[in-house]
Number of protein chains: 2
Amino acid sequence: MDALTIGQLGRATDTKIETIRYYEKIGLLPAPRRTAGNYRSYAAEHLQRLGFIRRTRDLGFTIEQVRELLKLAAHGEKPCEEVDQLVVRHLEVTERKIAALTRLRRELRETLDSCQGGRIAECRVIQALSPPTAARKKRVLGSRT
Amino acid sequence: MDALTIGQLGRATDTKIETIRYYEKIGLLPAPRRTAGNYRSYAAEHLQRLGFIRRTRDLGFTIEQVRELLKLAAHGEKPCEEVDQLVVRHLEVTERKIAALTRLRRELRETLDSCQGGRIAECRVIQALSPPTAARKKRVLGSRT
DNA sequence: TCTTGACCCTGTAGCGACTACAGGGTCCTA
DNA sequence: TAGGACCCTGTAGTCGCTACAGGGTCAAGA
């Protein structure tokens with residue numbers, strides 16, 4: 001018999017109990033059988049499915065994307081084009097995030113480099129964090145149309 | 001006179017009106033004067049302060065960190081060590097994020113590379129997304145102590 | 001047998017940082 | 001005087017969980 005309690009399933013998949021119940025509530029993980037004492041009793045297919053969910057979540061897919069991937073995985077006869085497209089799109093999003101964070105890192109480093117260790121009033125870090133706004137002011141005033 | 005309506009302030013700082021009101025509610029941006037018709041009327045210092053907030057938020061600092069930076073910026077006489085530390089810590093967080101996303105990108109690329117363009121049932125992408133769980137099972141069962 | 005404590009249950013509220021309404025009021029122009 | 005662009009308050013929703021509160025169940029030890 002391979003029945004698992006929610007705690008065992010959680011340890012097996014490195015998932016918090018509350019998260020498992022949450023996945024059930026939003027329909028991502030099917031509701032399992034219940035014991036006489038109303039405890040959830042999970043079978044091997046739940047372990048497999050939750051493992052898939054965790055893995056895809058760890059890879060940064062949204063819940064909706066996971067839902068989509070699960071639906072696709074259930075249709076073994078279809079070509080895997082759609083699956084690939086989902087992964088490609090997610091890869092693109094990931095690359096944009098990396099690019100944005102890399103720019104950010106450069107800015108933070110430049111900001112730090114500018115500091116000579118004086119007082120806050122003369123600190124170039126604080127100045128670097130305050131953007132110039134005067135230039136934009138004219139454009140904006142009276143632009144109600 | 002440099003009084004701005006909330007809409008003008010929003011355009012000047014690329015900030016949604018709701019966000020400005022939200023910043024006021026959480027005490028990040030001081031409440032401005034009101035006109036006879038109960039409209040918010042912003043002065044130059046609001047523009048400057050909201051600019052600072054937006055810039056630091058864009059750099060990925062949390063609201064609490066922004067609050068801290070604003071408090072420090074108001075104490076011009078203190079050494080700028082604390083400011084630097086905040087930026088250094090944020091830089092470290094950013095670097096960890098970049099590292100995590102870079103690992104992720106590699107995994108997504110490897111997943112995609114494994115696909116030959118067949119049917120979902122044989123698709124290596126779906127398989128790559130399903131982690132092996134059998135090995136972990138023994139450890140977990142009966143580990144109630 | 002009783003008690004302890006680890007585990008489980010439901011339901012609701014909170015997190016961060018906004019965003020999106022609903023249902024009104026104000027102001028300016030034609 | 002009418003229209004529409006703008007503003008007001010207040011509340012609820014977003015995402016993906018996480019943290020209670022207030023109970024019930026179960027197994028092992030005294």
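The chains referred to below are lettered A, B, ... by the order of the sequence lines, with proteins before strands, and numbering in each begins at 1.
- Atom C1' of nucleotide C/dC18 and atom CD1 of B/I17 are separated by 15 Å, given to the nearest angstrom.
- When the side-chain nitrogen and oxygen atoms of A/R34 are compared with OP1 and OP2 of C/dT10, one or more of them lie within a distance under 4.0 Å.
- D/dC17 atom C1' lies 15 Å from atom CG of A/L29, rounded to whole Å.
- A straight line from CD1 of B/I53 to P of C/dG16 spans 17 Å, rounded to a whole angstrom.
- Put simply, OH on B/Y39 is 7 Å from C1' on C/dG25, counting in whole angstrom units.
- In this structure, A/I26 places its CD1 atom 13 Å from C1' of D/dT14, rounding to the nearest Å.
- Between B/L50 and B/Y42 the shortest side-chain heavy-atom distance does not fall below 4.5 Å.
- The phosphate of C/dA17 (OP1 or OP2) has no side-chain N or O of B/Y23 nearer than 4.0 angstrom.
- OP1 or OP2 of D/dC7 lies within a sub-4.0 Å distance of a side-chain N or O belonging to B/T5.
- Scanning both residues, A/T94 and B/L101, for their nearest heavy atoms gives CG2-O, 3.8 Å.
- Distances shown here put a side-chain N or O of B/R40 below 4.0 Å from the OP1 or OP2 atom of D/dC8.
- For the pair B/I63 CD1 and C/dC18 P, the computed distance is 5 Å after rounding to whole Å.
- As rounded to whole Å, 7 Å separates atom P of D/dC17 from atom CZ of A/R54.
- Summary of the strand contacts: B/T35 and B/T62 both lie near DNA chain C, and taking for each the nucleotide with the nearest heavy atom, the more 5' one is attributed to B/T62.
- Counting only N and O atoms by type, the side chains of B/S41 and B/R34 include no donor and acceptor under 3.5 Å apart.
- Heavy-atom distances to DNA chain C give each of B/E64 and B/N38 a nearest nucleotide, and the one nearer the 5′ end belongs to B/E64.
- A donor and an acceptor atom never sit less than 3.5 Å apart when one is taken from the side chain of B/Y22 and the other from the base of C/dG16.
- As rounded to whole Å, 5 Å separates atom P of C/dC9 from atom CZ of A/R21.
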